[in-house]
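Please read the structure below before turning to the comments.
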Amino acid sequence: MCTLTAKDSKSRHKVYKTEQDASLIPTIAVSLWLGWMAGLTYSVIFAATLASAFQRNLIISIFVISLVLPPAFPGKLGERIGCWIMKNAEKYFGLKVTIENEDAFHKLNKEGKAVIFATEPHDLLPYAVFVFNSCLGYLPGQIGKTMKVLMTGAIFNLPIMKHVYTWVGGRSVDKKTFRSRLANNLSLAFVPGGVQEVVLIDPQNQNDLVLYLQNRKGFIKLALEKGTPIVPTFIFNLDGSYGYVMPRGMLVNRIARKIGFLPLFFWGRFYIPFGIPNPVNISVVFGEPFDVPCEADNISHENVEKYHKIFLQKLEELFERHKHAEGYGHRKLKIL
């Protein structure tokens with residue numbers, strides 16, 4: 001169960017900590033969410049090699065039916081399953097959440113504003129964005145209730161996975177969805193560094209935490225269209241979730257950018273290939289929102305550069321404020 005563990009009256013920080021429980025039920029729940037990469041891979045291999053004709057046809061039929069059905073199927077039941085998964089994931093990862101200024105979110109709720117939560121880093125899989133799920137209730141008011149996480153659209157083209165990720169609050173990160181949500185004053189979270197940050201991971205240099213953000217300015221333009229505040233958000237302890245073997249080279253980079261994820265071999269808990277992550281202690285820190293002017297169709301290049309620079313500065317300051325408490329004292333950000 002999540003409890004408020006600290007409140008610093010000087011800094012206004014609130015810290016929530018969930019006692020870790022990686023026993024059977026939380027493990028099953030996380031497997032139903034993050035285990036489908038293994039499930040789909042092994043199903044395809046089984047169907048292509050060892051399955052009888054009946055078994056092969058059954059697997060193909062399930063996949064085809066899933067692809068035809070809408071992502072939100074079966075509606076409210078799917079949402080309830082998603083909430084159950086998220087609450088158990090909170091336990092599995094012993095989730096810790098730090099909110100630097102909750103009053104700022106209450107103020108934005110009163111003003112009826114949506115918020116963009118720009119979250120870093122991506123790491124192999126940025127599964128820690130589950131912290132934004134409305135069932136967990138970390139973010140107050142309308143911001144928390146309407147929150148969705150935008151992620152690679154490739155997920156929503158895969159059978160079964162497209163349903164599960166919709167149940168837990170995922171949506172495609174395409175520009176149309178981004179604009180639509182902001183136009184309707186609906187908040188969103190996403191990882192601006194994207195899959196390119198996976199390519200830049202260097203296992204030989206664990207002290208540098210590389211973020212690919214220097215050229216990520218599209219979300220700043222979208223924020224300026226509506227004057228949407230931006231919240232820098234940082235996730236600690238994602239690394240260590242998986243072991244991996246990563247291909248390198250320009251061709252691999254191009255493929256990753258094209259399909260929205262990096263094809264690589266990884267393993268998680270119990271050393272299962274493509275399995276669920278190890279039960280690491282995830283810590284998420286929400287920085288303070290910063291305002292962005294509304295420029296509608298008259299967005300200036302100068303303001304894109306200005307507010308992009310502000311974002312990078314505030315994200316780096318957020319990391320520096322919390323890195324020692326989170327065991328990252330020996331590490332430094334490297335923003336490319």
Side-chain angles (χ1 to χ4, degrees), residues 1-8 11 13-35 37 83-100 102 117 119-133 135-139 149 168-169 189 191 193 197-198 201 203 206-211 231-244 266-272 275-287 315 318-333:
M1 181 177 180
C2 181
T3 57
L4 177 64
T5 60
K7 181 175 180 180
D8 188 332
S11 65
H13 293 189
K14 285 187 176 180
V15 182
Y16 299 87
K17 183 72 173 72
T18 302
E19 183 178 350
Q20 189 167 36
D21 177 7
S23 60
L24 180 61
I25 298 303
T27 299
I28 290 173
V30 171
S31 298
L32 289 174
W33 168 36
L34 296 173
M37 184 62 72
C83 279
W84 178 79
I85 291 173
M86 293 293 91
K87 289 182 180 297
N88 278 283
E90 182 181 46
K91 299 174 185 177
Y92 182 87
F93 295 108
L95 185 62
K96 175 185 174 185
V97 176
T98 303
I99 303 176
E100 288 201 336
E102 192 175 76
F117 290 85
T119 307
E120 287 290 330
H122 186 286
D123 206 72
L124 290 184
L125 292 175
Y127 63 83
V129 291
F130 81 89
V131 69
F132 293 100
N133 188 277
C135 294
L136 301 184
Y138 288 111
L139 295 168
V149 177
V168 300
V191 182
E197 290 184 357
V198 185
I201 293 175
Q206 296 291 331
N207 290 335
D208 285 349
L209 189 55
V210 182
L211 308 182
V231 180
T233 306
F234 205 91
I235 301 169
F236 292 92
N237 298 327
L238 264 178
D239 45 0
S241 299
Y242 295 101
Y244 58 90
F266 64 89
W267 58 92
R269 195 177 183 190
F270 310 122
Y271 298 96
I272 298 174
I276 64 173
N278 295 308
V280 295
N281 291 109
I282 293 296
S283 179
V284 182
V285 182
F286 295 109
L315 182 69
L318 182 69
F319 173 77
E320 292 296 329
R321 282 197 297 274
H322 294 271
K323 71 176 187 179
H324 292 284
E326 301 299 339
Y328 276 50
H330 62 293
R331 306 186 72 177
K332 62 180 180 178
L333 287 189

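Remember, predicted model here, so these are calculated numbers, not experimental data. What's counted below: heavy atoms across the whole structure, side chains too, no hydrogens, waters or symmetry copies.
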Could you check Tyr138 against Glu90 for side-chain hydrogen bond (donor to acceptor under 3.5 Å, both in side chains), going step by step and ending with a plain yes or no? CA-CA 11 Å; Tyr138 288 111; Glu90 182 181 46; 2.4 Å; yes

Taking it one step at a time, do Leu211 and Leu315 satisfy side chain to side chain contact (heavy atoms under 4.5 Å, CB included)? CA-CA 11 Å; Leu211 308 182; Leu315 182 69; 3.9 Å; yes

How far apart are the closest heavy atoms of [X] and [Y], and which atoms are they?
X: Gly240; Y: Asn278; answer: O-ND2, 3.3 Å
X: Pro232; Y: Leu318; answer: O-CD2, 3.4 Å
X: Ile99; Y: Tyr16; answer: CD1-CE1, 4.1 Å
X: Trp267; Y: Tyr244; answer: CH2-N, 3.4 Å
X: Pro126; Y: Val191; answer: CB-CG2, 4.0 Å
X: Val198; Y: Asp123; answer: CG2-O, 3.1 Å

Distance check, rounded to the nearest 0.5 Å: [X] atom [atom1] versus [Y] atom [atom2]?
X: Met37; Y: Phe266; atom1: CE; atom2: CZ; answer: 5.5 Å
X: Leu124; Y: Glu197; atom1: CG; atom2: CD; answer: 11.5 Å
X: Ile282; Y: Phe130; atom1: CD1; atom2: CZ; answer: 7.0 Å
X: Phe234; Y: Lys323; atom1: CZ; atom2: NZ; answer: 10.5 Å
X: Phe270; Y: Ile272; atom1: CZ; atom2: CD1; answer: 6.5 Å
X: Asp239; Y: Ile201; atom1: CG; atom2: CD1; answer: 8.0 Å

Would you say Lys332's side chain and Asn207's backbone share a donor-acceptor pair under 3.5 angstrom?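 It does not hold such a pair.
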
Leu32: side-chain contact (heavy atoms from CB on, under 4.5 Å) partners, not counting sequence neighbours: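 Checked Leu32 against side-chain contact (heavy atoms from CB on, under 4.5 Å); matches are Ile28, Trp84, Ile85.
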
With Thr27 via side-chain contact (heavy atoms from CB on, under 4.5 Å) - residues at least two apart: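 Thr27: side-chain contact (heavy atoms from CB on, under 4.5 Å) contacts with Ser31, Tyr92, Arg269, Ile276.
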
Output all residues satisfying side-chain hydrogen bond (donor to acceptor under 3.5 Å, both in side chains) with [X], sequence neighbours left out; order by chain, then residue number.
X: Glu326; answer: Lys96, Ser283
X: Tyr242; answer: none
X: Gln206; answer: none
X: Ser241; answer: Tyr127

When Phe286 is tested against each of Thr119, Thr98, Leu139 for side chain to side chain contact (heavy atoms under 4.5 Å, CB included), which residue passes?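 Looking at Thr119, Thr98, Leu139, the match for Phe286 under the side chain to side chain contact (heavy atoms under 4.5 Å, CB included) is Leu139.
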
What class does the angle between the rings of Phe236 and His322 fall in, given that below 30° is parallel, 30 to 60° is tilted and above 60° is perpendicular?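 Ring orientation of Phe236 relative to His322: tilted.
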
